[in-house]
Amino acid sequence: MTTSDSKPENDKTDTSNPEAGESLDFVRAIIIEDNKTGKFDQRVHTRFPPEPNGYLHIGHAKSICLNFGIGQEFPGGQCNLRFDDTNPTKEEQEYVESIQADVKWLGFDWEDRLYFASDYFDQMYDYAEQLIMAGKAYVCELNAEETRQLRGSLFAEGQDSPHRNRSVEENLDLFRRMRAGEFEDGSRVLRAKIDMKSPNLNMRDPIMYRILTARHHRTGDKWCIYPMYDWAHGLEDSMEGITHSICTLEFENHRPLYDWFLDALGIYHPQQIEFARLNLTYTVMSKRKLLQLVTEKRVNGWDDPRMPTISGMRRRGYSPQAIRNFCKTISVNKFNSTIDIALLDHCLRDDLNKTSPRVMAVLKPLKVIIDNYPDDKIDMLEAINNPEDESAGTRLVPFTKEMYIEQDDFMEDPPKKFFRLAPGREVRLRYAYFVTCTDVVKDENGQVVELHCTYDPETRGGNAPDGRKVKATLHWVSATESVPAEVRLYDHLFTKENPDDVGEDEDFKDSLNPDSLEVLTGCRVEPILKDARVEDRVQFERLGYFCVDKDSTPEHLVFNRTVGLRDMWAKIKKAANPNPNPNPNPNQKKNKKK
RNA sequence: UACCCGAUGGUGUAAUUGGUAACACACAAGUUUUUGGUACUUGCAUUCCAGGUUCGAGUCCUGGUCGGGUAACCA
């Protein structure tokens, strides 16, 4: 079994030298240009700055791979992990821990550079006083509503606050008293004095500090004023000596403000660069919406295998390598795009195919009795663990008189293109024998409940000495030697390609897929799986990639289907019979009361 | 009625200083096969539009069109 990746894997095998050719994304191109001109003295220092208010998702992985990737690719490059914890009302320690675990699991290392915005609160406060003394910030007593009014709109200029022209002394006094806790929440803010008529709303005297009587997860009750993002973020970057501050596109309009604060203070000035966030088909990617799915129990927690969270994907069976490869493939750009989830599946299969040991499991068992096989004989047959990796070796699989095969692998009245078992037909049981179906046993409802077969002892291992061929090879499991298991099958969480595309009275949750989870009990797996550990990944031959769920115990094995194998037969079936039973979703939508 | 950003196949990413539009996914067809897996082969776009500069434009210029972002005391 593959080792679970609970430890950080710092393989730098997939890193290339960005200065040595290949095609570059625009961010790396900028960095190389800056190194040429010596803008940052050849330093390359990035940071990944999550707010600890939720779990990381695949969109964050894109940012993590970008920032940490740059940190390890460039000579002397570094990347910090920094928690942007400036809003105590939303942030929690649980998230701080999960985020660190996820970044590590993805295979990245911040070494000793773990930082918190809250560690800089004192310095930020001093900078704020500096700005006040320079006449570039003032205390404003307008309430939130009034502030909004005077800010104007996209089409209308803003108007100056009546408190805009206080003296430096008065501002300093008021600001110090804000810090001292003399004022009520929301009664005053510190604002930068820029330009209420700027076409960029962010420049209309943005708020730097608000009064918030809230206990911070790290600073406790030390502060009752907290810095706003725009004020804080550039300072954090500056204090850490960041060279390239990479963020998402929606901060493009904030860059003039980022620059303004740093210039007004006259301190070290990193370069902000914006890139497009990731969108995936059949997926929602906002922390707010994911949180909603969790709190409303639409899924079973942040690490539900259907969630696009890193922890959900880990539990589902994704490998860090697959996610890194995916991020490399999608690259980074400045325009919005939606990636086909099939590309993620492909990157997943591509990695899992090379790394996952094969093993046989029967999800929907159909009993097969080999009539001419000795009653109590257990034949141990050699099976290849991974045809893609010779070093994975072989194992022995028990073969007995009573077997199980997959229900889907037998048809009493097969169509032309069905190659698998049927009455009178001979097929191969993988690594075992050729068997021929001689009899079909049905229950009172006409359901096939049992098959009788004969085997050819000459075909042990799976080859006929006379050279005869069979059209199909089936996976199987001994009825008596296999072990029971539960298997959870997953499908897209949403039925709509873009769940965010909703009409007036709709909600993104309307397109939640009612069949996104299917639990199969009574599955049977090879006995070797008794020793499997949580997060171990395997391929169930002919079915897909599976991993051991955290709910699994030696007495009750539980597997998650990470992703199915590509399935030609499913396509052929679909082509022959496009709509066997009408899609339940449209009907269900009609019946939906709203 | 503003400001900022963007536009290359169905999808996503490429294309040295302007010089044959490349790769991957998806889809389709085929070869190999003890996984209807993997691997391999083949097919699939004149680069949003209109002008212009040039021997030559996806790349440069002008004007449109379309898409995204921005009016939390969130980040």
Side-chain angles (χ1 to χ4, degrees), chain A residues 21-25 49-51 53 84-87 89-91 140 142-145 147-148 151-158 185-191 198-204 206-212 225-226 228-230 232-233 247-256 274 276 281 287-288 328-347 349-350 353-354 358 360 383-384 387-388 417-420 428-432 434 459 461-463 469-475 539-544 564-572:
Chain A
E22 291 191 39
S23 71
L24 293 162
D25 57 71
E51 181 188 14
N53 67 342
D84 210 355
D85 56 351
T86 58
N87 184 354
T89 63
K90 288 188 178 172
E91 295 149 9
C140 179
L142 261 25
N143 65 33
E145 177 57 27
T147 306
R148 200 173 308 128
R151 184 159 38 227
S153 75
L154 295 178
F155 317 110
E157 291 181 342
D185 285 13
S187 65
R188 281 166 183 76
V189 293
L190 183 71
R191 300 177 73 176
S198 170
N200 182 341
L201 289 285
N202 296 121
M203 301 299 274
R204 321 246 260 227
I207 294 168
M208 297 163 61
Y209 276 95
R210 75 281 213 189
I211 304 174
L212 227 50
I225 57 172
Y226 290 93
M228 299 285 290
Y229 170 86
D230 285 310
H233 204 86
C247 60
T248 45
L249 243 33
E250 67 269 27
F251 291 103
E252 227 160 9
N253 292 324
H254 294 241
R255 183 159 20 100
E274 309 87 11
T281 55
K287 276 200 240 177
R288 204 197 91 240
K328 192 173 181 177
T329 303
I330 61 174
S331 188
V332 8
N333 239 314
K334 291 198 64 144
F335 44 86
N336 299 305
S337 58
T338 302
I339 313 266
D340 189 341
I341 191 117
L343 182 58
L344 217 207
D345 289 344
H346 169 261
C347 291
R349 290 193 188 103
D350 190 50
N353 175 50
K354 292 178 227 160
R358 318 282 125 130
M360 291 192 283
I384 293 166
E388 306 292 320
K417 289 184 176 172
F418 184 85
F419 305 149
R420 283 108 95 145
R428 169 167 42 231
L429 295 182
R430 186 139 158 100
Y431 299 125
F434 284 12
T459 58
N463 283 307
K469 303 285 184 197
V470 288
K471 293 266 281 191
T473 301
L474 309 186
H475 61 277
Q539 183 197 100
F540 288 170
E541 293 226 26
R542 303 210 303 134
L543 296 174
L565 254 26
R566 283 186 61 210
D567 190 350
M568 266 304 168
W569 171 237
K571 284 185 187 175
I572 293 168

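In what follows, chains are A, B, ... by sequence order, proteins preceding strands, each numbered from 1. Only heavy atoms go into these numbers, but all of them, side chains included; no hydrogens, no water, no symmetry mates.
By the 4.5 Å heavy-atom criterion applied to side chains, A:Ile211 and A:Ser187 are counted as neighbours. Contact check for A:Lys571 versus A:Arg566: side-chain heavy atoms found under the 4.5 Å cut-off. Proximity of A:Val189 to A:Met228: side-chain heavy atoms (C-beta onward) are nowhere separated by under 4.5 Å. Proximity of A:Glu51 to A:Thr86: side-chain heavy atoms (C-beta onward) are nowhere separated by under 4.5 Å. A:Arg428 is not listed as a side-chain neighbour of A:Thr459, based on a closest heavy-atom distance of 4.5 Å or more. At a threshold of 4.5 Å between non-hydrogen side-chain atoms, the residues A:Trp569 and A:Lys417 count as touching. Residues A:Leu344 and A:Ile339 have side chains not in contact (no heavy-atom distance under 4.5 Å, counting atoms from C-beta outward).
Rounded to whole angstrom, the span from the CG atom of A:Asp25 across to the P atom of B:A15 amounts to 10 Å. Atom CG of A:Leu343 is separated from atom C1' of B:G10 by 14 Å (rounded to the nearest Å). In this structure, A:His346 places its NE2 atom 7 Å from C1' of B:C25, rounding to the nearest Å. In this structure, A:Leu344 places its CG atom 18 Å from P of B:U11, rounding to the nearest Å. B:A14 atom C1' lies 19 Å from atom NZ of A:Lys334, rounded to whole Å.
Both distances falling under 3.5 Å, in either a Watson-Crick or a G-U wobble arrangement, place B:G30 opposite B:C40. With a 3.5 Å ceiling on both atom-pair distances, B:G56 lacks any Watson-Crick or G-U wobble partner. Across all strands shown, B:C3 forms a Watson-Crick or G-U wobble pair with B:G69, both key distances being under 3.5 Å. Across all strands shown, B:C74 forms no Watson-Crick or G-U wobble pair with both distances under 3.5 Å. Across all strands shown, B:A50 is found opposite B:U62 as a Watson-Crick or G-U wobble partner, with both distances under 3.5 Å. Here B:U35 sits opposite no nucleotide as a Watson-Crick or G-U wobble pair (both hydrogen-bonding atom distances under 3.5 Å). B:C23 and B:G12 make up a base pair, with Watson-Crick or G-U wobble contacts both under 3.5 Å.
In this structure, the separation between CG on A:Asp567 and CZ on A:Arg542 is 9.5 Å, given to the nearest 0.5 Å.
Taking syn as a glycosidic angle within 90° of 0, B:A72 qualifies as syn.
As judged by a 4.0 angstrom heavy-atom cut-off over every strand, A:Thr89 is placed among residues making no nucleic acid contact.
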>> For a quick check, with a 4.0 angstrom heavy-atom cut-off, what is the B/S/- contact string for nucleotides 68-75 of chain B, read 5' to 3'?
In response: SBBBSBSB
>> I'd like to compare against my own output: the B/S/- annotation of nucleotides 35-41 of chain B with a strict under-4.0 Å heavy-atom distance to protein.
In response: BBBS---
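The closest donor-acceptor contact from the side chain of A:Asn200 to the backbone of A:Asn253 lies under 3.5 Å.
The gap from the C1' atom of B:G19 to that of B:C60 amounts to 15 Å, rounded to the nearest Å. When the C1' atom is used for both B:U59 and B:A7, the distance is 14 Å, rounded to whole Å. Atom P of B:A71 sits at a distance of 23 Å from the matching atom of B:C66, rounded to the whole Å. A distance of about 13 Å separates the P atoms of B:C48 and B:U11, rounded to the whole Å. Nucleotides B:A22 and B:G43, compared at atom P, are 11 Å apart to the nearest Å. Using atom P as the reference point in both B:C5 and B:U62, the two lie 14 Å apart (nearest Å).
Screening A:Lys287, A:Lys90, A:Glu91 for a side chain to side chain donor-acceptor pair (under 3.5 Å) with A:Asn53, the sole residue that qualifies is A:Lys287.
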